[in-house]
Trainee: 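One structure, pasted below without further comment.
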Amino acid sequence: MTGPLTTRLATLCADLASQVDPQAAGQLRQVRRRLGEPIRVAIAGRLKAGKSTLVNALIGRRVAPTAVGECTRVVTRFRYGPADRVDVVCRDGARHSLPLDEDGMIPRRLGVPLSRVGYVDVTLTSAPLTELTVVDTPGLESADAVVDGRARAAVGGAPFDDGIDADSTAEVAAAEAVVYVFTQAVRADDVQALEAFRSATARLASTPINALGVFGKVDTLAGGAGDPWPVAVPLAERQSALLARTVADVIPVAGLLAETARAGRLTDADTAALRQLAAAPDLAVLLASVDLFRDRPSPVDRDRRERLLALLDLYGVGFAVAQLTTDPRMGTAELVRRLTAASGFPRLEATLERTFRWRADAIKAGWALTRLSGLAGHAGDDSTREALRDAVDRLLRDPGYHRLRLLQAAQRVATGVVPMPVEWAQELTRLATSEDARWILRLPDAGPAELAAAAVRAANRWRAYAVAGAGPAQSRVAQVAQRGFHLLAQRVAGDGPRNARVTT
Ligand SMILES: Nc1nc2c(ncn2[C@@H]2O[C@H](COP(=O)(O)OP(=O)(O)OP(=O)(O)O)[C@@H](O)[C@H]2O)c(=O)[nH]1
Ligand SMILES: [Mg+2]
């Protein structure tokens with residue numbers, strides 16, 4: 001899980017530990033430990049957006065409770081471990097272990113008053129967690145102000161706002177990356193929804209480097225069993241363009257279908273019931289509304305219909321029935337495969353892979369760098385402050401680690417500290433967070449010569465930008481970008497290994 005940048009920072013933390021005061025040394029150990037762990041992604045968003053449902057889909061197991069009423073009340077971290085285990089971690093550091101309930105889910109009653117709970121630490125043997133730690137959060141508009149505050153702490157905020165307490169629960173729960181889930185009712189006012197999203201994400205300090213938007217519950221967009229995708233795709237694209245400064249992309253997903261399919265919840269009996277429904281003469285009426293589906297007489301009993309609604313909702317039922325109408329002999333496994341595809345989840349997975357897992361080295365290194373700078377700013381002891389500042393400066397000047405400078409520059413632009421036109425900001429983000437020249441330069445089919453030429457052109461554009469029309473802060477950023485594109489040009493042209501020491 002570690003890459004060259006995180007390895008370098010881990011070494012730096014180890015080297016520094018002997019030069020700083022004990023409190024800072026504790027912080028450094030913590031940063032170092034985090035650098036070796038999988039990237040931590042918080043799932044954030046408003047109340048009832050479908051966050052926990054998405055968490056279950058990501059883990060491939062239904063462990064996080066989901067419900068129609070407000071449900072997740074404490075920050076819950078899911079990470080890989082050798083055995084399934086639920087620990088309630090109290091604010092005072094005490095841990096209480098609980099078994100999963102009979103359904104394999106986190107028990108609703110934690111056995112500790114909510115006011116005492118810091119977070120819930122869940123370890124699971126699920127394979128997807130080996131590469132991604134997932135943090136489920138309470139809804140951001142929770143009726144309960146305390147819960148809302150916890151959600152904010154978990155998904156970022158300024159890491160040192162609460163003072164530097166090595167054991168603070170905010171620190172433990174804080175994530176390096178955020179998936180922000182939002183939904184939109186069919187006729188909800190677009191602009192209003194986006195403004196709300198923007199003001200919420202501004203407080204979460206999310207940037208296109210570390211944040212991804214999910215347009216959730218898209219299956220409900222068309223109302224009933226209609227196909228939502230012709231509406232969902234262009235809507236998500238528009239949202240993605242509007243939110244270009246906040247998130248890397250906006251992906252439309254029907255989380256419920258993804259959860260049901262990926263957590264293996266659909267049984268052969270469910271498939272048999274869906275097949276029966278496919279043969280019903282009044283199918284169109286049944287699928288016209290949730291109420292009709294529930295209440296009409298049907299060969300499939302009520303409990304089963306209720307279960308199908310809970311698993312698939314009306315669109316999912318309609319989709320499954322349509323598949324079984326075309327191919328009545330289709331088995332559960334094939335149906336599940338098609339439901340996964342229909343949920344839009346594969347695209348989310350691919351984007352997560354590209355945005356987070358693949359960038360994990362850069363994101364984690366950037367996170368650690370910010371942490372170290374923050375520590376340097378807050379250390380009480382003069383020599384500790386100096387040692388930390390000096391180490392960070394030296395690292396950033398090291399030509400072998402030019403990517404760290406790029407990352408720092410990209411973070412300054414992405415967070416708005418240095419304002420820059422959005423296309424420039426996006427190009428810088430791509431350069432800072434990827435090694436893939438084709439993706440950085442948006443030339444998916446180009447050969448080395450064409451890539452090298454494009455990288456040189458980009459370097460020249462940034463040089464022109466640095467010289468003309470930019471303030472001093474933009475100029476400094478542009479110089480770093482120019483250098484980055486020069487190094488990229490050399491790398492793709494084959495005259496130097498990655499991170500080659502080159503002076504330009
Ligand atoms: N139709 C449909 N329903 C969904 C989808 N995702 C979630 N739901 C339902 O919406 C309700 C809320 O889902 P949760 O996952 O609990 O939402 P949450 O954001 O975790 O809610 P809180 O933790 O209370 O903030 C549940 O009844 C889910 O089954 C979806 O993609 N489509
Ligand atoms: Mg929840």
Side-chain angles (χ1 to χ4, degrees), residues 42-59 61-78 103 105-106 108 110 114 119-120 122 134-152 154-155 178-186 197 200 213-229 231-232 236 251-263 265-266 287 289-290 293-294 306-320 339-340 342-345 347-348:
I43 313 298
R46 292 172 173 231
L47 209 58
K48 305 267 54 82
K51 302 177 294 295
S52 301
T53 304
L54 202 63
V55 165
N56 292 333
L58 285 167
I59 300 173
R61 217 172 125 172
R62 189 166 148 79
V63 275
T66 62
V68 178
E70 180 169 352
C71 185
T72 310
R73 300 187 61 88
V74 293
V75 170
T76 309
R77 180 175 75 182
F78 298 90
D103 298 322
M105 299 180 69
I106 297 168
R108 286 193 186 248
L110 296 176
L114 270 184
Y119 67 100
V120 178
V122 184
V134 182
V135 181
D136 191 11
T137 69
L140 276 169
E141 269 175 328
S142 172
D144 176 346
V146 179
V147 171
D148 192 23
R150 275 184 211 157
R152 286 184 203 290
V155 290
V178 183
V179 169
Y180 195 93
V181 186
F182 60 103
T183 56
Q184 193 179 40
V186 196
F197 172 72
V214 161
F215 180 16
K217 296 192 183 180
V218 294
D219 57 302
T220 61
L221 267 183
D227 181 3
W229 289 103
V231 181
I251 313 290
V253 175
L256 182 63
L257 297 194
E259 181 196 48
T260 296
R262 306 229 336 148
R265 299 188 72 202
L266 203 75
L287 291 178
S289 79
V290 167
F293 186 77
R294 271 200 185 108
E306 203 57 57
R307 177 179 153 83
L308 290 174
L309 277 181
L311 290 178
L312 301 167
D313 213 344
L314 210 51
Y315 167 67
V317 170
F319 175 85
L339 282 167
T340 306
S343 73
F345 194 80
R347 181 175 157 204
L348 174 64

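Atoms within a ligand are numbered from 1 in the order they appear, just like the ligands themselves. All values derive from a computational prediction rather than experimental measurement.
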Trainee: Quick one: are Val179 and Leu58 in side-chain contact, heavy atoms under 4.5 Å?
Mentor: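 When only atoms from C-beta onward are counted, Leu58 and Val179 do not touch, as no gap falls below 4.5 Å.
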Trainee: Evaluate Thr66 for polar contact with ligand 1, using N/O atom pairs at a separation under 3.5 Å.
Mentor: no
Trainee: Show the atoms of ligand 1 that are less than 4.0 angstrom away from any heavy atom in Ala254.
Mentor: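 Ligand 1 atoms under the 4.0 Å threshold to Ala254: 31 (O).
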Trainee: Can you sort out the partners of Ala232 under side-chain contact (heavy atoms from CB on, under 4.5 Å), two or more places apart, ordered by chain and number?
Mentor: Val218, Leu221, Trp229, Pro252
Trainee: Applying side-chain hydrogen bond (donor to acceptor under 3.5 Å, both in side chains), name anything that partners Arg347, two or more places apart in sequence or on another chain.
Mentor: none
Trainee: Contact between ligand 1 and Gly216 is defined here as a heavy atom of the residue under 4.0 Å from a ligand atom; is it met?
Mentor: no
Trainee: Would you give the length of the straight line joining atom CZ of Phe182 to atom NZ of Lys217, rounded to the nearest 0.5 angstrom?
Mentor: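 Nearest 0.5 Å value for the CZ-NZ distance: 14.0 Å.
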Trainee: If you define the side chain from C-beta out and look only at heavy atoms, does anything of Pro228 sit under 4.5 Å from Thr220?
Mentor: no
Trainee: Working to the nearest 0.5 angstrom, can you tell me the gap between Ile43 CD1 and Thr53 OG1?
Mentor: 11.5 Å
Trainee: Heavy atoms, side chains only, cut-off 4.5 Å: are Pro138 and Val75 in contact?
Mentor: yes
Trainee: Any donor and acceptor pair, going by atom type alone, linking the side chain of Lys51 with main-chain N or O of Tyr180 inside 3.5 Å?
Mentor: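 Checked: no pair found.
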Trainee: Taking distance alone, with N or O pairs closer than 3.5 Å, would you say Lys48 contacts ligand 1?
Mentor: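 Yes, at least one N or O pair falls under 3.5 Å.
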Trainee: Listed by chain and number, what are the side-chain contact (heavy atoms from CB on, under 4.5 Å) partners of Ala258, not counting sequence neighbours?
Mentor: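 side-chain contact (heavy atoms from CB on, under 4.5 Å) list for Ala258, sorted by chain: Ala57, Ser343, Phe345.
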Trainee: Under 4.0 Å from any heavy atom of Ser52, which atoms of ligand 1 are there?
Mentor: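 Close to Ser52: 15 (O), 18 (P), 20 (O).
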Trainee: What is the distance from atom CD1 of Ile106 to atom CG of Asp136, rounded to the nearest 0.5 Å?
Mentor: 7.5 Å
Trainee: What distance separates Leu256 CG from Leu311 CG, expressed to the nearest 0.5 Å?
Mentor: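 Nearest 0.5 Å value for the CG-CG distance: 7.5 Å.
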Trainee: Of all the atoms in ligand 1, which lie at a distance below 4.0 Å from a heavy atom belonging to Ala49?
Mentor: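 Answer, ordered by atom number: 19 (O).
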Trainee: N/O of Lys217 under 3.5 Å from N/O of ligand 1, yes or no?
Mentor: yes
Trainee: For ligand 1, which part of Ala258 has a heavy atom less than 4.0 Å away: the side chain, the backbone, both, or neither?
Mentor: neither
Trainee: Ligand 1 versus Leu47, non-hydrogen atoms closer than 4.0 Å: side chain, backbone, both, neither?
Mentor: both
Trainee: Which of the atoms in ligand 1, numbered in the order shown and given with their element, are less than 4.0 Å from a heavy-atom of Thr53?
Mentor: 6 (N), 7 (C), 13 (O), 14 (P), 15 (O), 28 (C)
Trainee: So which bit of Asp313 gets within less than 4.0 Å of ligand 1, heavy atoms only: side chain, backbone, both or neither?
Mentor: side chain
Trainee: Between Thr220 and ligand 1, find which residue part has any heavy-atom pair under 4.0 Å and reply side chain, backbone, both or neither.
Mentor: side chain
Trainee: Around the Mg ion (ligand 2), how many protein N/O/S atoms fall inside 2.8 Å?
Mentor: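 Near the Mg ion (ligand 2), the number of protein N, O or S atoms below 2.8 Å is 2.
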Trainee: Only heavy atoms of Gly50, strictly under 4.0 Å: list the atoms of ligand 1 that pass.
Mentor: 7 (C), 13 (O), 14 (P), 15 (O), 17 (O), 18 (P), 19 (O)
Trainee: What distance do Asp219 atom CG and Leu257 atom CG have between them, rounded to the nearest 0.5 Å?
Mentor: 5.5 Å
